[in-house]
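Contents: one structure, followed by commentary.
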Number of protein chains: 2
Amino acid sequence: MATTELAITISDAEWRVMRIVWTLKEADSRTIIDLLEQQHDWKPATIKTLIGRLVKKGALATTKNGRQFIYTPLIDEQSAMDTALISELNQMCAMHRGTSLAHVLDQLELSHDDVENLIDVLQQKLPTAPTMVACDCLPEDCERSC
Amino acid sequence: MATTELAITISDAEWRVMRIVWTLKEADSRTIIDLLEQQHDWKPATIKTLIGRLVKKGALATTKNGRQFIYTPLIDEQSAMDTALISELNQMCAMHRGTSLAHVLDQLELSHDDVENLIDVLQQKLPTAPTMVACDCLPEDCERSC
DNA sequence: TTCTTTCGTTTACGGATGTAAACTCAGTTT
DNA sequence: AAACTGAGTTTACATCCGTAAACGAAAGAA
């Protein structure tokens, strides 16, 4: 391929727009603006800017429809979520990720099916799980560790 | 209390610094700079800036020690991790969080103990888990949904 | 005591982000 | 055809962030 997909980054505010479009599968700006004005104190101009940036970033596609455009997602919601979560976790000490996830799972509202699925995934990992995951906050060759 | 702790935000680069200090419990700038220069292509000046910003933000405390300072964390590592993760998740569609977590847990390296602990947490939730978690991407009163 | 090293501080600067007004057209209304 | 309206584009601007050089003061060396 020719284009180098350098991982699109979506900012916090832009996420709100993407969620609308992901949920509706496609939407014109009128719809996006109306819906977002109900959730935030954003002026229509602000939302227009966000839409524009997402199009420029390649996160949204446009299809001409008479006077306006119809916007559709160019990136997958679940993939975007997974990537964002993994990135966040990779920023943290490997040794403490498990504990943090435990806290998160404990607080988060999850459906029965999700919980079962998660247990399943974990049960699968159990046999091959290493005794411990080392702290990766200091350079490899550093004698100190936590 | 008088001080309003408006949740300190730590940027990506600043996380690297915090991880060093969290791991060592306390460190002088010499140490922090030496360690980070091994992990990144950062000039000492860059690291100094990051340390300075963290002090100003109230994430690091300083104790005069002769000519220099000793830096210690003012915020808890685990709490910072938990908060960051939860914030990230709160930004995403509630309906798809479970799936995303499943993907993450599947890919992430976790210790045997962590996996067991996570299963435990989930098992605890199972009885009270709701049948389903609704999509929260559109306004409450919106007739459409995903 | 003067020179040098080194810490912490100040200044710098481009890009991303949140927030939004102003502007330009192309259809729509009268 | 002239006026209007609404969609997308351009411009704006303060703040944060990544990245780093420059500077001032204090401690150590000569």
Side-chain angles (χ1 to χ4, degrees), chain A residues 6-21 24 26-72 74 80 84 87-88 90-91, chain B residues 6-21 26-72 80 84 87-88 90-91:
Chain A
L6 271 176
I8 299 168
T9 6
I10 296 167
S11 78
D12 287 7
E14 287 162 4
W15 264 90
R16 307 310 293 194
V17 178
M18 288 307 294
R19 287 177 59 181
I20 298 282
V21 185
L24 300 180
E26 58 169 55
D28 54 32
S29 68
R30 185 70 265 126
T31 309
I32 299 174
I33 291 172
D34 285 349
L35 292 176
L36 282 177
E37 275 192 294
Q38 289 181 245
Q39 313 186 309
H40 306 278
D41 270 325
W42 289 344
K43 301 284 179 301
T46 303
I47 303 169
K48 285 185 192 179
T49 300
L50 295 173
I51 294 174
R53 286 179 184 167
L54 284 167
V55 171
K56 186 189 313 184
K57 282 184 183 183
L60 289 180
T62 56
T63 313
K64 191 125 222 158
N65 176 227
R67 81 196 90 270
Q68 24 171 116
F69 284 149
I70 292 185
Y71 298 95
T72 39
L74 278 176
S87 302
E88 191 71 42
N90 277 336
Q91 183 136 235
Chain B
L6 271 175
I8 299 168
T9 5
I10 296 168
S11 77
D12 288 8
E14 287 163 4
W15 264 90
R16 308 310 293 193
V17 178
M18 288 306 294
R19 287 177 59 180
I20 299 281
V21 184
E26 57 169 56
D28 54 34
S29 68
R30 185 71 264 129
T31 308
I32 298 174
I33 290 172
D34 286 348
L35 292 176
L36 282 177
E37 275 192 294
Q38 288 180 247
Q39 313 185 309
H40 305 278
D41 270 325
W42 289 344
K43 300 284 179 300
T46 302
I47 303 168
K48 285 185 192 179
T49 299
L50 295 173
I51 294 174
R53 286 181 184 166
L54 285 167
V55 171
K56 185 188 314 184
K57 282 185 185 182
L60 288 179
T62 55
T63 313
K64 192 125 222 159
N65 175 229
R67 85 198 86 266
Q68 23 171 122
F69 284 147
I70 292 186
Y71 299 95
T72 39
S87 302
E88 191 71 43
N90 277 335
Q91 183 134 232

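The chains referred to below are lettered A, B, ... by the order of the sequence lines, with proteins before strands, and numbering in each begins at 1. Note that the structure is predicted; figures quoted are calculated from it, not measured.
In this structure, the CG atom of B:Leu54 is 14 Å from the P atom of D:dC16, given to the nearest Å. In this structure, CD1 of B:Ile10 is placed 16 Å from C1' of D:dG18, rounded to the nearest angstrom. Between the CZ atom of B:Arg67 and the C1' atom of D:dG24 there is a distance of 17 Å, given to the nearest Å. Rounded to whole Å, atom P of D:dA7 lies 10 Å from atom CD1 of A:Ile51. Whole-Å rounding puts the B:Lys43 NZ to D:dA22 P distance at 13 Å. One can place CZ of A:Arg53 at 13 Å from P of D:dT10, the figure rounded to the nearest angstrom. Regarding B:Ile47, its CD1 atom lies at a distance of 18 Å from the P atom of D:dC17, rounded to whole Å. Between the CZ atom of A:Phe69 and the P atom of D:dG6 there is a distance of 18 Å, given to the nearest Å.
In this structure, CD on A:Glu14 lies 8.5 Å from OG1 on A:Thr9, to the nearest 0.5 angstrom. Atoms OG1 and CG, from A:Thr49 and A:Leu54 in turn, are 11.0 Å apart once rounded to the nearest 0.5 Å. Between A:Lys48 atom NZ and A:Trp42 atom CH2 the span is 15.5 Å, to the nearest 0.5 Å.
Contact annotation: side chain of B:Arg16 to base of D:dG18, donor-acceptor pair absent below 3.5 Å. Judged by atom type and distance alone, B:Thr49 reaches the base of D:dA20 through a side-chain donor-acceptor pair under 3.5 Å.
A close approach under 4.0 Å does not occur between any side-chain nitrogen or oxygen of B:Ser11 and OP1 or OP2 of D:dC17. Within the 4.0 Å cut-off from OP1 or OP2 of D:dA7, at least one side-chain nitrogen or oxygen of A:Arg30 is found. For B:Lys64 and D:dA26, the shortest distance from a side-chain N or O to OP1 or OP2 is not below 4.0 Å.
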Would you sort out whether B:Asp28 and B:Thr31 count as a side-chain hydrogen bond (donor to acceptor under 3.5 Å, both in side chains), showing the intermediate values?
CA-CA 6 Å; B:Asp28 54 34; B:Thr31 308; 2.6 Å; yes
For A:Lys64 and A:Phe69, run side chain to side chain contact (heavy atoms under 4.5 Å, CB included): C-alpha distance rounded to whole Å, both residues' side-chain angles, the deciding distance at 0.1 Å, then the answer.
CA-CA 5 Å; A:Lys64 191 125 222 158; A:Phe69 284 149; 3.7 Å; yes
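Nucleic acid contact class of B:Asp41 (heavy atoms, under 4.0 Å, all strands): sugar-phosphate only. In this structure, B:Thr46 reaches the bases: a heavy-atom distance under 4.0 Å links it to at least one base atom across the strands shown. As judged by a 4.0 angstrom heavy-atom cut-off over every strand, A:Asp12 is placed among residues touching the sugar-phosphate backbone only. Within 4.0 Å (heavy atoms only), A:Lys48 reaches at least one base atom of the nucleic acid. Among the heavy atoms of the strands lying under 4.0 Å from A:Lys57 are primed sugar atoms or P, OP1, OP2 only; no base atom is included.
In this structure, A:Leu60 and A:Met18 have side chains that are in contact, with non-hydrogen atoms separated by less than 4.5 Å. In this structure, B:Leu50 and B:Ile32 have side chains that are not in contact, with every pair of non-hydrogen atoms separated by 4.5 Å or more.
For the side chain to side chain contact (heavy atoms under 4.5 Å, CB included) criterion with B:Ser29, the lone passing option out of B:Thr62, B:Ile51, B:Ile70 is B:Ile51.
Protein chain B contacts DNA chain C from C:dC7 to C:dA12, reading 5' to 3' and using non-hydrogen atoms of the protein with a distance under 4.0 Å.
Nucleotides of DNA chain C nearest to A:Ala13 and A:Ala45 differ in position, and the one nearer the 5' end is that of A:Ala13.
For A:Tyr71, the listed nucleotide lying nearest its side chain is D:dG8; candidates were D:dA7, D:dA20, D:dG8.
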